[in-house]
Protein chains: 2
Amino acid sequence: MINLTKSEEDYLKALFQLLTEGGKSKIGNNQLAEYLNVSPASTNNMVKKLKAKDYIVSERYGKLELTDQGIEIAVRLIRKHRLWETFLYNYLNFSWDEVHEVAEQLEHIKSRKLVDELDRFMEYPKVDPHGEMIPDADGAYNITPKVTLSSLKEGDICKLAAVNDASVSFLRYVSQIGLALSSTIEIVEIRDFDKSICIRFDDTVETVTKKFADNVFVKIIS
Amino acid sequence: MINLTKSEEDYLKALFQLLTEGGKSKIGNNQLAEYLNVSPASTNNMVKKLKAKDYIVSERYGKLELTDQGIEIAVRLIRKHRLWETFLYNYLNFSWDEVHEVAEQLEHIKSRKLVDELDRFMEYPKVDPHGEMIPDADGAYNITPKVTLSSLKEGDICKLAAVNDASVSFLRYVSQIGLALSSTIEIVEIRDFDKSICIRFDDTVETVTKKFADNVFVKIIS
DNA sequence: TTAATTTGTTAGTCTAGGCTAACTTATTTA
DNA sequence: TAAATAAGTTAGCCTAGACTAACAAATTAA
Ligand SMILES: [Mn+2]
Ligand SMILES: [Mn+2]
Ligand SMILES: [Mn+2]
Ligand SMILES: [Mn+2]
């Protein structure tokens, strides 16, 4: 349909992220609820509405899936979100950890022209400040299945490709220890006891937790 | 208080515009309702809420007034609205008549940094694309009492200072006949029969209706 | 100065989108 | 396979912000 509410858009985007970036095979009602920080009842209710409007398909008690229409909405939202993050970061002196919250609002502004002109103004950026790809005006996007730093083995060498942008304190921490997009990282040691990982990059050696490494996405070099 | 809803903000802005730019001495519940295209009942309800939150003062059946707090919210909203209009017009290829609708959404984005950085990025513009002043970061604003083209007398000469930006078709019409900000306009004749006004500007002579002239704001030269 | 009209208020209803509590169906685990 | 647990659903309630219909107060006109 023509006009979705902010909430409807957020549910579709969340489901899309879980389905594509989450790497899970089945996404259920409660997972979506947890991701969005709402109750399962709210999610159930919204899913019902979005099924009626033909954005989601699912069977009773079954897994949730997006229709083509649903995917289109989600991808357009992600495009807007990432273009705004890029704008805030490159032109308005926002830092890494400040852009997401504001983009979360800006992504719901309804104007096709606005987002396409913003894209042109910035000369069609390919990635946002956190390393995530930006879908183009036609809705084309390439999902590079996410490889987390935590999934590597001792001795592996990789490049930092992107980071989860949803936590401000995490992003601050990343900057603070000196990690940056395209840093080359070597897995020095994985400690069996608590799964913490000792990494080396730019002559720095740091030990990070499994939780930290779960939020760092990399491209394996060797 | 800290966080107002979009609706609360819109009511405060509307009341501010009516009180300052409208030139009316008393603004009542129903006028506010009409301006916002909602029912008097809705307005009554919202005014009650805004009184409780100390943004509006009024007596039962009395006129509506803004508290200092209320004025501050309204002015900040107007600042955001006009800065966004300026950005859309100057950087994103939006035309005169396209900016208002999108700015109406953008003005509700909550981020002090966003608006102040946008201001800096554009090098502190003083007026928006329709000729209206832009309040500064401290909330300072100067209301130049609006003089409408329709209030002049035959023979008067004026400069086009600003236009009402709320009607797309009006703005298109203005551009179409060739009027632009700072055009020098002479009142050639006022026709008593229907109050239509014959004006001359840039070697053009046009007759416009009273309704048209009500939406054109000028600075009298002589 | 009374009647008509305009303006403001109240009550009750609706939709969107949250919530909790209780219940049902599926999936695990013993 | 039966019980325990997890996942999904439903019912009922809440708030924000709209609406209409009915009514009350204030203003204007006769
Ligand atoms: Mn983000
Ligand atoms: Mn959002
Ligand atoms: Mn405007
Ligand atoms: Mn608005």
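Scope of the values below: all heavy atoms of this structure, side chains included, with no hydrogens, waters or symmetry mates. We name chains A, B, ... by the order of the sequence lines, and we start the count at 1 in each one.
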Euclidean distance, atom CE of residue B:Met46 to atom P of D:dC19 [Å, nearest integer]: 11 Å
Pairs meeting criterion salt bridge (Lys or Arg N to Asp or Glu O under 4.0 Å) with involvement of residues 129-140 of chain A, two or more places apart: A:Glu132-A:Lys146
D:dT10 OP1/OP2 closer than 4.0 Å to side-chain N/O of A:Arg60: yes
Any side-chain to backbone donor/acceptor pair from A:Asn29 onto A:Asn44? Under 3.5 Å, distance only. yes
Close residues, residues 35-44 of chain B, relative to DNA chain D [heavy-atom separation under 4.0 Å]: B:Asn37, B:Val38, B:Ser39, B:Ala41, B:Ser42
Pick base, sugar-phosphate or nothing for A:Lys48, based on heavy-atom distances below 4.0 Å to the nucleic acid. sugar-phosphate
Paired with A:Ser58, the side chain to side chain donor-acceptor pair (under 3.5 Å) test is passed by just one of A:Lys51, A:Lys63, A:Glu65, namely A:Lys51
Its 5'-most and 3'-most nucleotides having an atom under 4.0 Å from a non-hydrogen atom of chain A, DNA chain C is contacted over C:dA16 to C:dT25
Will you find, in the side chains of B:Asp214 and B:Ser150, an N or O donor that is under 3.5 Å from an N or O acceptor? yes
Separation of D:dA25 atom P from B:Glu59 atom CD, nearest Å, is 16 Å
In whole angstrom, what separates A:Glu34's CD from D:dA6's P? 13 Å
What contact category does B:Lys63 fall into here, base, sugar-phosphate, or nothing, at under 4.0 angstrom with non-hydrogen atoms? nothing
Hey, is the side chain of B:Thr5 poking within less than 4.0 Å of OP1 or OP2 on D:dG17, counting only N and O atoms? yes
Under 6.0 Å between ring centres, would you say that holds for A:Tyr141 and A:Phe16? yes
In chain order, what residues pass the side-chain contact (heavy atoms from CB on, under 4.5 Å) check against B:Thr144, with sequence neighbours excluded? none
Which residue pairs pass the salt bridge (Lys or Arg N to Asp or Glu O under 4.0 Å) test with at least one member in residues 73-92 of chain B, sequence neighbours excluded? B:Glu21-B:Arg82, B:Glu72-B:Arg76, B:Arg79-B:Asp116, B:Arg79-B:Asp119, B:Arg82-B:Asp128
Thinking salt bridges, do B:Lys113 and A:Glu101 make one under a 4.0 Å N-O criterion? no
Between A:Tyr61 and A:Asn45, whichever has its closest DNA chain C nucleotide further toward 5' is A:Asn45
Return the value, rounded to whole Å, for the distance between atom CD of B:Glu9 and atom C1' of D:dA16. 15 Å
Taking atom P of D:dA16 as reference, at what distance in whole Å does atom CG of B:Leu4 sit? 13 Å
With sequence neighbours excluded, tell me which residues meet side chain to side chain donor-acceptor pair (under 3.5 Å) with A:Lys195. none
